[in-house]
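The block underneath contains the structure these notes are about, expressed in structure tokens.
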Amino acid sequence: MLKTGIRGKETLMVDETNTAKAMGSGTLDVFATPAMTALMEKTAWKSVAGELEEGCGTVGIRLDITHDAPTPLGMKVTCESVLTGIDGRKLTFEVEVRDERGKIGSGVHERFVIDNKRFQEKADRK
């Protein structure tokens with residue numbers, strides 16, 4: 001059952017696949033903002049996945065973040081999320097990402113609870 005306060009945590013290493021240079025968001029070998037946003041979304045959706053009805057999932061609908069500090073290759077990055085709001089099928093999460101030296105980004109992420117089959121069928125009709 002969904003209730004506010006549900007927490008999530010995901011960790012990854014900064015490597016050649018998730019740098020700004022590799023992802024096309026810049027030219028440097030630092031953790032890319034698109035990789036950070038993907039980690040935020042992953043952390044949020046995984047935190048509530050086990051609480052949803054059979055056949056349901058969530059999709060991201062809004063992400064308002066800041067990326068405040070660079071992280072070099074070889075450093076571990078951890079995202080933590082907390083479900084702070086439930087408004088019908090809309091879920092609101094606070095997310096924060098830290099590397100081994102401190103906070104590198106944070107924000108608010110919204111997701112919508114969907115029926116996976118119906119959602120996929122709607123997308124396939126486009």
Side-chain angles (χ1 to χ4, degrees):
M1 180 172 137
L2 286 174
K3 59 185 179 193
T4 57
I6 294 173
R7 295 183 173 273
K9 185 175 182 178
E10 296 291 324
T11 300
L12 59 74
M13 292 295 290
V14 178
D15 63 26
E16 293 80 13
T17 66
N18 55 28
T19 65
K21 185 191 299 183
M23 298 192 84
S25 65
T27 60
L28 301 175
D29 285 322
V30 294
F31 191 50
T33 301
M36 186 180 77
T37 60
L39 180 61
M40 290 171 162
E41 286 206 67
K42 178 181 182 181
T43 305
W45 80 257
K46 285 184 76 174
S47 73
V48 297
E51 303 299 324
L52 302 174
E53 291 181 24
E54 181 77 25
C56 289
T58 62
V59 292
I61 60 170
R62 183 170 177 266
L63 191 58
D64 182 11
I65 61 137
T66 62
H67 192 169
D68 304 315
T71 304
L73 286 166
M75 193 172 275
K76 183 171 64 171
V77 174
T78 300
C79 180
E80 294 190 31
S81 68
V82 63
L83 178 60
T84 58
I86 302 170
D87 183 8
R89 295 190 302 157
K90 184 175 81 169
L91 309 178
T92 302
F93 299 84
E94 289 182 11
V95 290
E96 182 176 283
V97 181
R98 303 178 74 80
D99 65 19
E100 297 168 36
R101 290 292 189 88
K103 180 178 156 187
I104 65 165
S106 62
V108 175
H109 178 40
E110 293 177 352
R111 300 189 68 78
F112 204 76
V113 178
I114 51 99
D115 177 284
N116 289 330
K117 184 175 185 244
R118 286 199 340 239
F119 189 88
Q120 187 64 58
E121 288 170 349
K122 179 180 178 181
D124 291 346
R125 286 192 299 269
K126 283 191 167 186

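Computed from a prediction, not measured in an experiment: that's the story for all the values here.
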Other residues, nucleotides and ligands only: do more than 12 of their heavy atoms fall within 6.0 Å of CD on Glu53?
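Not more than 12 within 6.0 Å, no.
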
Would [X] end up clustered with [Y] when hydrophobic side chains under 4.5 Å apart are linked, directly or stepwise?
| X | Y | result |
| --- | --- | --- |
| Leu83 | Val113 | yes |
| Leu12 | Trp45 | no |
| Leu73 | Leu39 | yes |
| Val48 | Val59 | no |
| Val108 | Val97 | no |

For the backbone of [Y] and the side chain of [X], can you confirm whether one donor and one acceptor N or O come within less than 3.5 Å of each other?
| X | Y | result |
| --- | --- | --- |
| Thr84 | Thr92 | yes |
| Asn18 | Met13 | yes |
| Glu100 | Lys76 | yes |

Taking all heavy atoms of [X] and all of [Y], pick out the closest pair and write down the distance.
| X | Y | result |
| --- | --- | --- |
| Met1 | Ile6 | O-CD1, 4.3 Å |
| Gly8 | Ser47 | CA-CB, 3.6 Å |
| Asp64 | Arg62 | OD2-NH2, 3.6 Å |
| Thr66 | Met36 | O-CE, 3.5 Å |
| Val95 | Ser81 | CG1-CB, 3.8 Å |
| Pro70 | Val30 | CB-CG1, 4.3 Å |

Looking only at side chains, do Gln120 and Asp124 share a donor and an acceptor under 3.5 Å apart?
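Judged by distance alone, the side chains do pair up.
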
Going from [atom1] on [X] to [atom2] on [Y], what distance comes out if it is rounded to the nearest 0.5 angstrom?
| X | Y | atom1 | atom2 | result |
| --- | --- | --- | --- | --- |
| Phe112 | Thr58 | CZ | OG1 | 11.5 Å |
| Ile104 | Asp99 | CD1 | CG | 5.0 Å |
| Ile65 | Met40 | CD1 | CE | 4.5 Å |
| His67 | Ser106 | NE2 | OG | 10.5 Å |
| Glu110 | Lys90 | CD | NZ | 4.0 Å |
| Leu52 | Asn116 | CG | CG | 8.5 Å |

Looking at Glu41 and Arg111, does any basic side-chain N land under 4.0 Å from a carboxylate oxygen?
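Yes.
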
Working for side-chain contact (heavy atoms from CB on, under 4.5 Å), residues Phe93 and Thr43:
CA-CA 10 Å; Phe93 299 84; Thr43 305; over 6 Å; no

Report the C-alpha distance between Met75 and Arg101 in whole Å, list the side-chain angles of each, state the deciding distance to 0.1 Å, and finish with yes or no for side-chain contact (heavy atoms from CB on, under 4.5 Å).
CA-CA 9 Å; Met75 193 172 275; Arg101 290 292 189 88; 4.2 Å; yes

